[in-house]
Number of protein chains: 4
Amino acid sequence: MTETIPNNHRRTERSKHAILDATRELLSEGGVRALTVEAVASRSGVAKTTIYRRWRDKWHLALDAVVIDIIPQFAYPADVGDTRKELVVFVDSVVDLLASHLYGPSLQGLVSELSTNPQLARLYREQVVEPRRETLAPIIERGIARGDLRPGTDVRTVHEFLVGPIFYRLLFSGGPLDSGMGTRLVDGILDGLRPD
Amino acid sequence: MTETIPNNHRRTERSKHAILDATRELLSEGGVRALTVEAVASRSGVAKTTIYRRWRDKWHLALDAVVIDIIPQFAYPADVGDTRKELVVFVDSVVDLLASHLYGPSLQGLVSELSTNPQLARLYREQVVEPRRETLAPIIERGIARGDLRPGTDVRTVHEFLVGPIFYRLLFSGGPLDSGMGTRLVDGILDGLRPD
Amino acid sequence: MTETIPNNHRRTERSKHAILDATRELLSEGGVRALTVEAVASRSGVAKTTIYRRWRDKWHLALDAVVIDIIPQFAYPADVGDTRKELVVFVDSVVDLLASHLYGPSLQGLVSELSTNPQLARLYREQVVEPRRETLAPIIERGIARGDLRPGTDVRTVHEFLVGPIFYRLLFSGGPLDSGMGTRLVDGILDGLRPD
Amino acid sequence: MTETIPNNHRRTERSKHAILDATRELLSEGGVRALTVEAVASRSGVAKTTIYRRWRDKWHLALDAVVIDIIPQFAYPADVGDTRKELVVFVDSVVDLLASHLYGPSLQGLVSELSTNPQLARLYREQVVEPRRETLAPIIERGIARGDLRPGTDVRTVHEFLVGPIFYRLLFSGGPLDSGMGTRLVDGILDGLRPD
DNA sequence: GACTAAGCGAGACGGTACGTCGCGTCTTAAA
DNA sequence: TTTAAGACGCGACGTACCGTCTCGCTTAGTC
C-alpha cells in the first residue's frame, strides 16, 4: 500500500460523487429551477463550502453533472457500409439524449447561462460540441469516399443542419422529439428540396 | 355604443412606452443579467408596481419589449419570381435579427425561461414562431407552383431546417452570424448533400 | 323648498352611510387588519376618492364609524338612589361595549394610532373620554351629596380607577371582560384594600 | 458532552446587539413609525435577512428590544415594613418606565399589534405581565400578614387597579405620568372612596 | 326641458415597506 | 488540513396598501 495518493483523496472522491448524484437527482426532478446549491448540499450531506471549493457556481456544477454522463455515448459510430443509416444513428443518439428526462430539461435550463457566460460556453464547446463533431466526421469522410456525399461536404455544416432543427424544437417550437425524427431529418438533408 | 375604452388611456400609454424603452436599453446594454424590474422602474421613472400591474414578471416584459419591435418585420416577402432568392431574403432577415445587439443577447438570456415556462413558451410560439412560419409559407407555395420545390414540401420542416442551424450557432456552437449564412444555408437545403 | 342645502346633499349622505356601514362590517369581520380603504370602497360601491374626500385616512374613518355608534349610549344614567348601583351600571356599560365584537377589536386595532397621532388623540378625547366622564360626573356628585362618597372625590380619578383595569384587560393581560366585572370593580374601589 | 453550543457564537452575539441597539435608537427617535426593518438593517450594518432569521417580524423585534431592557428592573422589592411605601415603589417603577422616552412611545406603538396578535400577546404576558405580578405578590402577602390589607386580597386584582389607570393615561386620556401618581393611586386604592 | 357645474365611479399611478429566496463568502469546531 | 454546519451580506423578487391623480359620466338644481 505504498500508493502515493494524496492525503484525503478517498474522502474527496466520495463527496464529489455524492454531489454529482444529488445534482442529477435535483435536475431530473425539477430542472434547473430546483437546482440550488443548498439543496445539493443538504441532499448530498456535504457542506456548501465543499461544493464551491470544486465548482465555480451551480452552472459549472450542472454542466459537469450532465456532461459526464453523456461523454461515453460519443463512441465512434460503426462503419455499416451505409451512409444514410450511419447518419440516422448519429441523429437518433442526439434526439434520444435531448428527449431524456435528465438531459433535455437540464439543457433547457442551462442554455441561457451557457450562451452568455464565455467560460461556460468554452467548456460546452470543448466537451460537447466538438466531440460530437468528431463523432460525425468519420461518417462524412466515409460517405464522400463511397460517393454517397458530395466531395467537399463540410462536417461543421452538416452537423448544424442535422442538430439545429432538433435543438430548435427543444427550445422554441416545442415540436416533438420522437424517434422518427432521425430518418426524416437525414433524408431531408440528403435529398434537398428540389425535385429530382 | 358601449365602447369600453380604457379610462386613463393617455397616462397608461406614456408609462408603457417608458417601461418598454427602458427595458430595451437595459437589455442591449447588459443582456438579461442587467434586466431588473427595479432597474427598469428607476430608469423609466415609473413605480415597480406599475410594471407588475401590466407584466407578470421580467420575462414577460422582456419578451414583449423585444417582440413588439420585430413584428413589423414579418411582412409577407415579395414574389420576385425566384424561390432561392426569396428564401435567402427570409433567412437573412432571421440572421440579421439574431445578429443585432438587442435581439441576439436578449434571446440568449430569455431562451431558458422561454423553453421552461409553459406560459411564456406559448406566447413565444404564437407571437414569433407561428408568424415566422406564416411568412415562409407563401414562399414555399410559390416554389412548389413554379416547380422549384418538391410537391408536398412541408413549411414546418423547411422552417426548422432553415432557422435551426442559425439558433444553434447563436446558442451553442458560437459560430458567426454573418450575411453569407443565408446563401449557404439555402443552397445546402435546396441541393441536399448527395452528388447530382 | 327654499332649503339652502348644498348641491348633491342626498347623494352625499347616501354614500356616507354606505361607507360607514362597510367600515363597520369590515372591522367586525377582521378587525383593523381587514380595514383597507380599497376594501371599504369596493364593498360600499364608492370610489376611493370619495372616501378620502371626507376622511383624512382610514384611522379617522374607523374612529368615526365606531364612535358614532356608541354616542347614544352615553345617556345620563338614572338616579336610582343607590350610588353603588349607579356606578355598576356605568362600569357595565363600558365592559359591554369593549366586549362587543365590533368595538373591542376595533379599539385594539386603533389604540396605537390613537395614542400616537395627536389629531386623532384629540378627537378621541373630545368624543369619547370627555363624554364618558360627563356621564360619570352626576353619579359622583349625587354620591357625595348622599354621603356615600368622600367629599372632594375627583371624577377624573374615579373614572381612571374604574375604566383603567378594563382597558388593561382588553389590551394587555387578556383577562375576561365578563358581566361580573362591574360589581367587583366598583366594590373594590369603594371599599379600598384596608381591613375595616 | 453533546453541548450543542451554537456555532458562530461570537458573530451571532455581535450582530444581535447591533440590531437591538439600532432598534432602540429608532424607537426612541421616532416611535414605531420609524421602526422599519430596512432602517434597522442599514443602521446596524446588518443584512435584512439576518434580522428576519432571528425575529419573525418587526413587532417581535421591538418587543424584544424594549423588554430585554426592563427585565432587570423587576427585582423583588425590599421589605421596608410599610405596605403603603412598598406599593408606592412598585407603582412608581411602572410610571417611570412608561414615562421614559423609549418605553412609553414604544408601547403606544406596539399595543395594537400586541393585543391583536395572539403570539405576541402571549409573549408580552409571559415576559412582562406575569413577572410584574410576581413582583407585586410578596408585597401583598406581607401586607396581609401585617394586617395592612384585607385577608384574601387578590394580587391580580390589585395589579389591575394599580396599573390600569396608568396605562389608561398613556393610551387614552393623555393625562400626565408624573411622579406624584404613585402616592395618589396607592392611597386611593388603599382607602377606597367611601368616607371613613 | 335643456344646461351646466359639482360630485362621483373607476382605476392607473408613484411610493414605501414588507417578508422571501438564493447566491457566494465567512467563521468555527470537530474529525 | 479538510470538512460539516451554518451565520452572514447582498441583491432582487413580487406583494400589499397607501394617498394622489386623471378622466368621463351622472345628476341635480338653475335658466
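In what follows, every chain begins at residue 1, and chains take the letters A, B, ... in the order their sequences are listed.
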Should A/R53 and A/T50 be marked as a side-chain contact (heavy atoms from CB on, under 4.5 Å) after you check the CA-CA gap, both sets of side-chain angles, and the distance that decides it?
CA-CA 5 Å; A/R53 214 171 281 124; A/T50 307; 3.9 Å; yes

Taking only residues at least two apart or on different chains, which pairs with a member in residues 110-125 of chain D satisfy salt bridge (Lys or Arg N to Asp or Glu O under 4.0 Å)?
C/R33-D/E113, D/R122-D/E126

Quickly work out the B/K16 NZ to E/dC13 P distance and round it to whole Å.
11 Å

From OH of B/Y52 across to C1' of E/dG14 the rounded distance in Å is 16 Å

Taking only side-chain nitrogens and oxygens of B/T50, does any of them come within less than 4.0 Å of OP1 or OP2 of E/dG14?
yes

For the pair made of CZ in D/R14 and C1' in E/dT28, what is the distance, rounded to whole Å?
12 Å

F/dT15 C1' sits how many Å from B/W55 CH2, rounded?
18 Å

What is the distance, to the nearest angstrom, from the CD atom on B/E113 to the P atom on F/dC13?
12 Å

Look at the side chain of A/K48 and the base of E/dG24, then say whether one donor and one acceptor between them are separated by less than 3.5 Å.
yes

Which whole-number value in Å describes the distance from D/I51 CD1 to E/dA17 P?
14 Å

Is there a residue in residues 38-46 of chain B whose heavy atoms reach under 4.0 Å of DNA chain E, and which residues are they?
B/G45, B/V46

First of D/D57 and C/S15 reached from the 5' end of DNA chain E, by closest nucleotide
C/S15

Whole angstrom is fine here: how far is it from CG in D/L35 over to C1' in E/dC18?
13 Å

Roughly how far, to the nearest 0.5 Å, is the CG atom of D/L171 from the CG atom of C/L110?
12.5 Å

I would like to know whether D/D64 and D/W55 meet side chain to side chain donor-acceptor pair (under 3.5 Å); could you show each step before the answer?
CA-CA 9 Å; D/D64 242 34; D/W55 291 276; 3.1 Å; yes

Are there more than 12 heavy atoms of other residues, nucleotides or ligands under 6.0 Å from atom CZ of D/R54?
yes

Per nearest nucleotide of DNA chain F, the residue lying toward the 5' end, A/A47 or B/W59, is A/A47

I'd like to know whether D/W59 forms a side-chain contact (heavy atoms from CB on, under 4.5 Å) with D/L114, so could you lay out the CA-CA distance, the side-chain angles of the two residues, the decisive distance to 0.1 Å, and finally the verdict.
CA-CA 8 Å; D/W59 306 108; D/L114 219 53; over 6 Å; no

Check for a donor-acceptor pair, side chain of C/D21 on one end and backbone N or O of C/R24 on the other, with a separation under 3.5 Å.
no

Is there a side-chain polar atom (N or O) of C/R53 under 4.0 Å from OP1 or OP2 of E/dG7?
no

Pick the closest DNA chain E nucleotide for A/K58 and for D/R11 by heavy atoms, then say which residue is nearer the 5' end.
A/K58

Rounded to the nearest Å, what distance is computed from the CZ atom of residue D/R54 to the C1' atom of nucleotide F/dG9?
14 Å

Can you figure out which of E/dG19, F/dG14, F/dC18 approaches the side chain of C/T36 most closely?
F/dC18

According to a strict under-4.0 Å criterion, is B/R10 in side-chain N/O contact with OP1 or OP2 of F/dT22?
no

Confirm from the modelled atom types if B/T49 and F/dG14 form a donor-acceptor pair under 3.5 Å, side chain to base only.
no

